[in-house]
There are 2 protein chains.
Amino acid sequence: MTTPTTAHLLVVDDDMEIRQLLSDYLQQNGYRVSIAADGTAMQQMLKTANINLIILDIMLPGKDGLDLCRELRATSDIPIIMLTARGDDMDRILGLEMGADDYLPKPFNPRELLARIKGVLRRSGTLPHGHNHEINGNYRFNGWILDTSRRHLLSPTGTAVSLSSAEYRLLLAFVSHANRILSRDQLLDLARDRSSFAFDRSIDMLVSRLRHRLQDDTEQPEMIKTVRGEGYLFLPSVETVT
Amino acid sequence: MTTPTTAHLLVVDDDMEIRQLLSDYLQQNGYRVSIAADGTAMQQMLKTANINLIILDIMLPGKDGLDLCRELRATSDIPIIMLTARGDDMDRILGLEMGADDYLPKPFNPRELLARIKGVLRRSGTLPHGHNHEINGNYRFNGWILDTSRRHLLSPTGTAVSLSSAEYRLLLAFVSHANRILSRDQLLDLARDRSSFAFDRSIDMLVSRLRHRLQDDTEQPEMIKTVRGEGYLFLPSVETVT
DNA sequence: CTTTTTTATAACACTCTGTAACAACAGCTG
DNA sequence: CAGCTGTTGTTACAGAGTGTTATAAAAAAG
């Protein structure tokens with residue numbers, strides 16, 4: 001590898017040998033690498049280090065990788081590459097759309113892992129980690145502009161649309177997690193006031209109000225699509241503007 | 001279920017009633033089933049029969065299920081599904097660490113047990129399974145376009161056709177496994193909501209609804225053809241578009 | 001040709017979602 | 001402080017989505 005990189009990876013696998021092997025290999029290729037044996041160790045690591053990408057084995061003792069992946073997605077946009085056993089039920093896993101950014105069946109060629117890591121980091125724009133509400137600037141989608149400094153929405157025709165504070169937080173959650181199915185619980189985590197413990201159906205109401213602001217049709221949505229039994233999906237491709 | 005299988009299961013449970021109930025139910029669903037009341041009977045059975053999968057109650061007189069599981073793992077790779085009391089996460093964790101392949105809390109829906117059995121057998125490489133979904137991109141067939149990022153369908157004339165979630169998942173299963181006969185069970189695995197354990201006949205209904213969306217004639221199908229006794233076949237050649 | 005098996009679909013039951021209406025509450029104004 | 005305004009969660013109910021049952025039609029078997 002010619003280009004130096006400073007990305008910090010976290011390898012989560014219960015097999016010590018694999019953990020060490022991957023860690024060594026990735027370090028040789030210029031990455032900073034931390035390791036964790038299970039979900040709790042992973043959460044611990046995420047608190048103390050600024051992780052750019054997680055490599056997550058789907059088979060883990062206790063909570064499995066799918067659960068962890070879903071939980072992570074509730075609060076974070078850190079890219080995830082899932083490792084699965086070959087011959088495993090990949091169809092099912094992919095169908096679940098847990099929000100992993102890529103999948104790699106074991107056993108794999110280490111160079112392929114490297115390629116995927118590069119690809120995922122490139123696609124994610126190597127965003128800084130953390131909760132969602134940190135970007136200072138504007139988001140643009142379908143001609144609309146969400147102004148995060150003024151907490152303000154501009155329609156494609158340029159007129160200002162006022163948003164209540166809950167509507168703003170919800171829209172921010174959507175634009176910063178676009179093209180991914182978000183469950184009601186995840187949306188509550190992302191959009192609600194810390195102090196409130198709302199019934200998760202209250203998100204429906206908020207979505208309805210936000211759709212109305214965006215003049216989005218429920219039946220043929222251009223922006224917020226309902227995925228029955230799973231949650232909501234923000235369709236437009238979102239551009240961050242500074 | 002209709003697909004024949006020759007897997008040989010061993011049910012280990014000290015409760016005679018449960019043993020008999022499970023045995024009957026699993027046999028009705030095409031499995032060969034043997035039973036054992038405790039660890040010694042289990043070991044005896046393993047010597048005399050070629051068992052493909054063990055369903056093991058964690059609560060047993062004498063040596064309990066965890067011990068048996070660990071002993072088995074010392075000498076054998078036979079897949080194990082553990083049955084335990086609901087809500088006991090400790091058991092689940094211990095079971096998985098001891099090498100169980102899956103875990104099912106009692107009381108359970110018998111169909112869920114069937115689903116787990118199928119899943120474990122497939123993962124263990126005993127049964128074949130299909131290829132992978134593409135994660136991103138669109139599919140084109142007969143002029144139709146399935147847009148996976150927006151989860152909707154465009155007709156040859158360019159009009160948007162809305163699909164329900166289940167219809168979308170079924171169509172995705174078809175286009176990503178085109179020109180292959182897919183059994184009802186396979187389609188259920190690929191298309192069902194992960195929390196539901198439906199009868200395989202419910203696929204018929206879904207196919208019927210999807211055909212209607214695609215304006216496909218049942219008698220002279222251009223897309224979804226029925227293969228009597230085997231399942232369904234997606235006829236068009238599918239092109240993946242990015 | 002009759003019987004049996006399998007499939008297509010209508011009808012139904014049940015679940016999930018959209019939203020109107022209302023209640024509770026906060027902030028503002030006079 | 002009363003009264004107004006806007007926000008936000010809850011309740012209620014209509015309507016859409018989905019699995020099951022029932023039944024007729026089609027295909028295979030006898």
Side-chain angles (χ1 to χ4, degrees), chain A residues 151 153 161-171 173 181-185 187-188 190-221 223-233, chain B residues 1-4 109-112 114-115 151-153 161-171 173 181-185 187-221 223-233:
Chain A
R151 300 190 130 228
L153 182 63
V161 174
S162 71
L163 292 178
S164 77
S165 127
E167 287 162 2
Y168 171 80
R169 284 194 303 266
L170 179 63
L171 181 54
I181 298 176
L182 296 171
S183 71
R184 289 181 169 73
D185 276 348
L187 289 169
L188 272 178
L190 292 167
R192 79 174 159 204
D193 197 337
R194 307 268 182 283
S195 54
S196 108
F197 294 91
F199 189 40
D200 69 349
R201 290 275 276 116
S202 68
I203 280 292
D204 294 30
M205 210 44 241
L206 252 186
V207 166
S208 176
R209 286 165 180 153
L210 185 54
R211 275 178 173 148
H212 191 249
R213 299 276 198 207
L214 294 168
Q215 305 182 340
D216 205 25
D217 178 18
T218 307
E219 305 301 319
Q220 296 286 327
M223 288 176 266
I224 304 175
K225 183 172 177 76
T226 304
V227 182
R228 174 179 236 261
E230 306 196 45
Y232 295 96
L233 172 63
Chain B
M1 303 270 168
T2 55
T3 44
N109 180 334
R111 276 189 246 151
E112 180 162 5
L114 274 186
R151 300 185 135 234
H152 78 181
L153 182 64
V161 174
S162 67
L163 293 177
S164 76
S165 267
E167 288 162 2
Y168 169 80
R169 285 194 299 265
L170 179 63
L171 182 53
I181 297 176
L182 295 171
S183 71
R184 289 181 170 74
D185 276 352
L187 289 169
L188 269 179
D189 280 348
L190 293 168
R192 76 177 161 203
D193 191 319
R194 58 183 159 286
S195 56
S196 103
F197 298 91
F199 285 122
D200 61 355
R201 282 284 148 201
S202 68
I203 281 291
D204 294 30
M205 240 359 270
L206 253 185
V207 166
S208 175
R209 286 165 180 153
L210 186 54
R211 275 176 171 149
H212 190 250
R213 297 275 197 206
L214 294 167
Q215 305 180 335
D216 205 26
D217 179 18
T218 307
E219 307 301 319
Q220 299 286 326
M223 287 176 267
I224 304 175
K225 181 177 173 61
T226 304
V227 182
R228 188 188 168 82
E230 307 204 40
Y232 295 96
L233 173 62

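Throughout, a chain's letter reflects where its sequence line sits, starting with A, and its residues are numbered from 1. All of these numbers come straight from a predicted model, not from anything done at the bench.
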Separation of atom CG in A/Leu163 from atom C1' in D/dG6, rounded to whole Å: 14 Å
Identify the pairs formed between an N or O of the protein and an N or O of nucleotides 3-5 of chain C at a distance under 3.5 Å, and give each distance.
from, atom 1, to, atom 2, distance (Å)
C/dT5, O2, B/Arg228, NH2, 2.9

Does D/dT7 have its OP1 or OP2 closer than 4.0 Å to a side-chain nitrogen or oxygen of A/Ser165? no
Rounded to the Å, how far apart are B/Asp204 CG and D/dA22 P? 16 Å
Non-neighbouring partners of A/Ser164 that pass side chain to side chain contact (heavy atoms under 4.5 Å, CB included), sequence neighbours left out: A/Ala166, A/Glu167
Dump every N/O contact between nucleotides 20-29 of chain C and the protein below 3.5 Å, one line per pair.
none

Whole angstrom is fine here: how far is it from CZ in B/Phe199 over to P in C/dT6? 16 Å
Rounded to whole Å, how long is the line connecting atom CD of B/Glu219 with atom P of C/dT6? 19 Å
Report which part of the nucleic acid B/Ser202 touches: base, sugar-phosphate, or nothing (heavy-atom distance under 4.0 Å, all strands). base
Value in whole Å for how far the P atom of D/dG19 lies from CG of B/Leu188: 8 Å
Below 4.0 angstrom from OP1 or OP2 of D/dG19, is there any side-chain N or O of B/Arg201? no
Close side-chain approach of A/Leu170 to A/Leu163, heavy-atom, < 4.5 Å: no
So does A/Thr226 get a side-chain nitrogen or oxygen closer than 4.0 Å to the phosphate oxygens (OP1/OP2) of C/dG18? yes
Could you tell me how far apart A/Asp200 (CG) and D/dT11 (P) are, to the nearest whole angstrom? 13 Å
When the distance from CD of A/Glu230 to P of D/dG17 is rounded to whole Å, what number comes out? 15 Å
At less than 4.0 Å, is any side-chain N or O atom of B/Tyr232 found next to OP1 or OP2 of C/dT6? Yes or no. no
Measure the distance from CZ on B/Arg169 to P on D/dG19 and round it to the nearest whole Å. 8 Å
Does A/Thr218 place a side-chain N or O at less than 4.0 Å from the phosphate oxygens OP1/OP2 of C/dT17? no
